[in-house]
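Indexing begins at 1, ligand by ligand and atom by atom, following the structure's order. Bear in mind that the values here come from a model prediction, so they are computed numbers and not experimental data.
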Amino acid sequence: MEKIQSVKGTRDFYPEEMAVRNWLFDGWQAASLRNGFVEYDSPIFEYLQLYTAKSGDEIAGQLFSLTDRGGRELAIRPETTPSLARMVNQRINSLPRPVKWFSISRLCRAERPQKGRLREFFQWNTDIISDSAYEYADADCIYTAVDYLRSVGLIKDDIIVKISSRAMLAELLKSQGFVDEQLGTVYSLLDKQPKIPPDKFTAMAEEQIPDADLRERLMRLQSVGSIGELIEFAPESVQKSIYPLETLFHILGKMGISDYCGFDINIVRGLAYYTGMVFEIFDRRSQLRAVCGGGRYDNLLAGLGGPSVPAVGFGMGDVVLEILLREKNLLDSAKNHLDFFIVYDDYKIFEDKGLSLVNSLREKGFSTAFDYRRTSAMARQLKMASSQAARFAVILGQETIDSDEITLKNMADGSQKRIAIKDFLKETDKYEFQRRPL
Ligand code: HAM
């Protein structure tokens with residue numbers, strides 16, 4: 001039989017890739033906790049209807065769906081927001097507000113695999129359900145995303161949070177002659193624009209907005225480049241809907257991240273449920289798709305049978321993020337490491353001193369390994385230590401045979417010292433690296 005391949009658009013996580021994934025997840029989790037979010041999780045599949053109800057055609061067309069043996073129509077989760085809304089709806093009266101939840105989920109979308117887009121990926125979601133001070137919740141979400149990206153070394157010259165508001169855009173479009181029924185079409189058109197070639201976009205726009213005058217007005221509106229320009233451009237009827245955006249930018253400034261943020265009228269988001277502020281985070285220079293996207297969805301909980309409760313959140317995918325961090329050489333610390341590798345000359349010494357050291361170091365929480373072959377030359381064991389990225393080699397050579405000492409070799413700079421075993425073990429209390437809680 002021929003070897004069976006993995007499915008296109010999926011990834012195998014060998015230890016090297018798993019180290020990167022775990023490192024990303026650790027950072028996501030730390031940023032969530034730092035910003036006051038608590039973790040939840042949802043099932044990997046749900047009733048199909050949960051996704052066809054309110055998320056919109058684009059995501060509904062990308063579902064991996066199935067019918068179970070009882071004839072129930074199910075789908076693998078393509079996003080977590082509908083599950084979050086369903087879960088919050090179920091306990092809406094007992095959950096203390098604001099609800100600030102995060103999750104790291106494996107998702108599937110039947111997309112055409114391409115750079116930054118896979119059929120199976122991971123997404124970090126943070127969401128806030130809070131019925132007051134909307135702009136603080138909006139700002140807290142954006143801050144959390146930026147906080148994470150900053151923590152892994154991305155600076156303001158690397159990334160940009162592009163912010164707009166669907167509520168404001170709706171008013172603006174209406175002021176230009178669009179009617180309510182056309183808004184959904186315009187949103188999905190604008191969302192697709194950066195993802196398709198210009199001629200294809202023009203053809204699509206002509207088909208969906210046959211009125212040339214309206215198309216012209218849409219283009220003029222798209223060239224508004226800042227909140228200042230927006231205030232100038234917008235008629236009186238629209239001014240009120242700009243105010244929440246101004247407030248949001250003011251708060252982001254006070255939180256110290258305005259350098260990362262900018263207004264962009266062309267951000268509308270692809271999902272149908274967004275109602276107010278929307279944002280996407282991009283690499284400032286590259287052609288990559290958004291690394292993160294989110295916004296306010298005040299009607300989703302009600303749309304899924306719950307009460308009317310305002311909500312805001314975002315999803316950040318691991319695929320684009322990893323490409324971006326690799327491009328910027330920021331994945332250096334995302335590697336498997338070993339703390340200690342015990343190297344021995346004679347296994348008779350090793351069995352007493354060495355295995356006892358293995359036990360002591362592991363008990364202290366340090367990752368520790370040794371060569372199982374009893375007869376390998378020390379040079380070969382040292383090679384093994386470096387191929388496992390050991391920080392230190394603990395060497396039990398002939399020179400230590402009659403003493404209680406070891407030779408400790410720093411694998412990074414090659415320096416070494418002789419030290420008594422008990423002093424060495426005491427010294428390791430000060431080593432912070434890779435120590436897991438006992
Ligand atoms: P989304 O824009 O569909 O939003 O996805 C958010 C992020 O997930 C994208 O910016 C991208 O990084 C990543 N992503 C999406 N699809 C793929 C794919 N096929 N392959 C790799 N990465 C992908 C949502 O999912 C919303 N539910 C986010 C949200 C949470 N809004 C409010 N709360």
Side-chain angles (χ1 to χ4, degrees), residues 7-11 21 24 28 32 37 40 42 46 50-51 54-64 76-88 99-130 137-138 140-142 144-145 148-149 159-162 166 187-188 191-192 194-195 267-283 286 288-301 304 310-325:
V7 177
K8 207 168 166 218
T10 65
R11 288 168 293 175
R21 180 172 130 190
L24 293 179
W28 282 347
S32 305
F37 291 84
Y40 75 99
S42 63
E46 295 265 11
L50 186 71
Y51 307 116
K54 295 287 159 200
S55 295
D57 294 342
E58 186 172 313
I59 204 111
Q62 295 171 344
L63 288 172
F64 279 101
I76 301 177
R77 59 185 176 186
E79 55 160 340
T80 49
T81 318
S83 303
L84 169 117
R86 180 182 61 68
M87 287 169 66
V88 172
V99 171
K100 284 183 76 172
W101 284 4
F102 82 95
S103 77
I104 297 170
S105 326
R106 189 190 280 265
L107 307 178
C108 288
R109 294 185 189 179
E111 288 203 54
R112 190 169 61 78
Q114 53 190 294
K115 191 176 181 194
R117 275 303 186 268
L118 295 177
R119 300 172 87 189
E120 186 195 50
F121 60 100
F122 290 90
Q123 203 188 55
W124 170 40
N125 278 258
T126 78
D127 288 87
I128 304 177
I129 319 284
S130 149
D138 292 354
D140 221 9
C141 260
I142 294 173
T144 303
Y148 166 73
L149 294 168
I159 48 162
I160 171 83
V161 188
K162 298 182 175 179
R166 268 206 192 172
Y187 295 160
S188 94
D191 184 61
K192 288 205 180 80
K195 301 170 197 162
I267 296 298
V268 281
R269 308 278 298 126
L271 291 152
Y273 47 66
Y274 293 108
T275 51
M277 183 280 294
V278 277
F279 74 97
E280 288 185 345
I281 306 182
F282 291 88
D283 172 16
S286 94
L288 295 176
R289 307 229 346 215
V291 66
C292 174
R296 180 156 283 288
Y297 50 99
D298 290 345
N299 301 332
L300 183 62
L301 278 80
L304 293 175
V312 62
F314 70 78
M316 184 182 292
D318 67 326
V319 182
V320 182
L321 177 64
E322 192 183 322
I323 298 173
L324 176 59
L325 294 175

Which of the numbered atoms in ligand 1 are under 4.0 angstrom from any heavy atom belonging to [X]?
{"X": "Gln123", "value": "5 (O), 6 (C), 7 (C), 8 (O), 24 (C), 25 (O)"}
{"X": "Cys292", "value": "10 (O)"}
{"X": "Phe314", "value": "28 (C), 29 (C), 30 (C), 32 (C), 33 (N)"}
{"X": "Gly317", "value": "7 (C), 8 (O), 12 (O), 13 (C)"}
{"X": "Leu271", "value": "3 (O), 4 (O), 24 (C), 26 (C), 27 (N)"}
{"X": "Val291", "value": "10 (O), 12 (O)"}
{"X": "Leu118", "value": "18 (C), 19 (N), 20 (N), 21 (C)"}
{"X": "Gly116", "value": "20 (N), 21 (C), 22 (N)"}

Legend entry - Distance from atom 28 (C) of ligand 1 to nearest protein heavy atom, with residue and atom: Gly315 N, 3.4 Å
Over all heavy atoms of both residues, which pair between [X] and [Y] is shortest? Give the atoms and the distance, please.
{"X": "Ile129", "Y": "Ala311", "result": "CD1-CB, 3.6 Å"}
{"X": "Phe279", "Y": "Arg269", "result": "O-CD, 3.6 Å"}
{"X": "Gly9", "Y": "Pro113", "result": "CA-CG, 3.9 Å"}

Inset, instruction - Give the contacting part of Thr80 toward ligand 1: side chain, backbone, both or neither, where contact means a heavy-atom distance below 4.0 Å. - result: neither
Inset, instruction - Report the part of Tyr273 (side chain from C-beta onward, or backbone N, CA, C, O) that has a heavy atom under 4.0 Å from ligand 1; answer both or neither where that applies. - result: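 For Tyr273, only side-chain atoms sit under 4.0 Å from ligand 1.
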Identity of the nearest option to [atom], non-hydrogen atoms only, from [options]:
{"atom": "atom 10 (O) of ligand 1", "options": "Pro113, Gly295, Ala290", "value": "Ala290"}
{"atom": "atom 3 (O) of ligand 1", "options": "Arg269, Arg117, Arg109", "value": "Arg109"}
{"atom": "atom 26 (C) of ligand 1", "options": "Phe279, Phe121, Tyr274", "value": "Tyr274"}

Legend entry - Sub-4.0 Å heavy-atom approach of Pro78 to ligand 1: no
Legend entry - Step-by-step side-chain contact (heavy atoms from CB on, under 4.5 Å) determination, Val88 to Trp101: CA-CA 10 Å; Val88 172; Trp101 284 4; 3.8 Å; yes
Legend entry - Stepwise side-chain contact (heavy atoms from CB on, under 4.5 Å) test for Asp127 and Val99: CA-CA 8 Å; Asp127 288 87; Val99 171; over 6 Å; no
Legend entry - Parallel, tilted or perpendicular: ring planes of Tyr297 versus Tyr274, cut at 30 and 60 degrees: perpendicular
Inset, instruction - Verify the neighbour count for atom NZ of Lys100: are there more than 12 heavy atoms of other residues, nucleotides or ligands below 6.0 Å? - result: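 Counting neighbours around NZ of Lys100, more than 12 heavy atoms of other residues, nucleotides or ligands fall under 6.0 Å, so yes.
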Legend entry - Result of checking Arg11, Arg106, Gln123 against Asp318 for side chain to side chain donor-acceptor pair (under 3.5 Å):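 With Asp318 as partner, Arg11, Arg106, Gln123 yield a single side chain to side chain donor-acceptor pair (under 3.5 Å), made by Arg11.
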Legend entry - Flag side-chain contact, heavy atom, 4.5 Å: Arg77 against Ser42: yes
Legend entry - Note, Leu24 side chain near Tyr148 side chain (heavy atom, < 4.5 Å):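 In contact.
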Legend entry - Asp127 N/O to ligand 1 N/O under 3.5 Å: yes
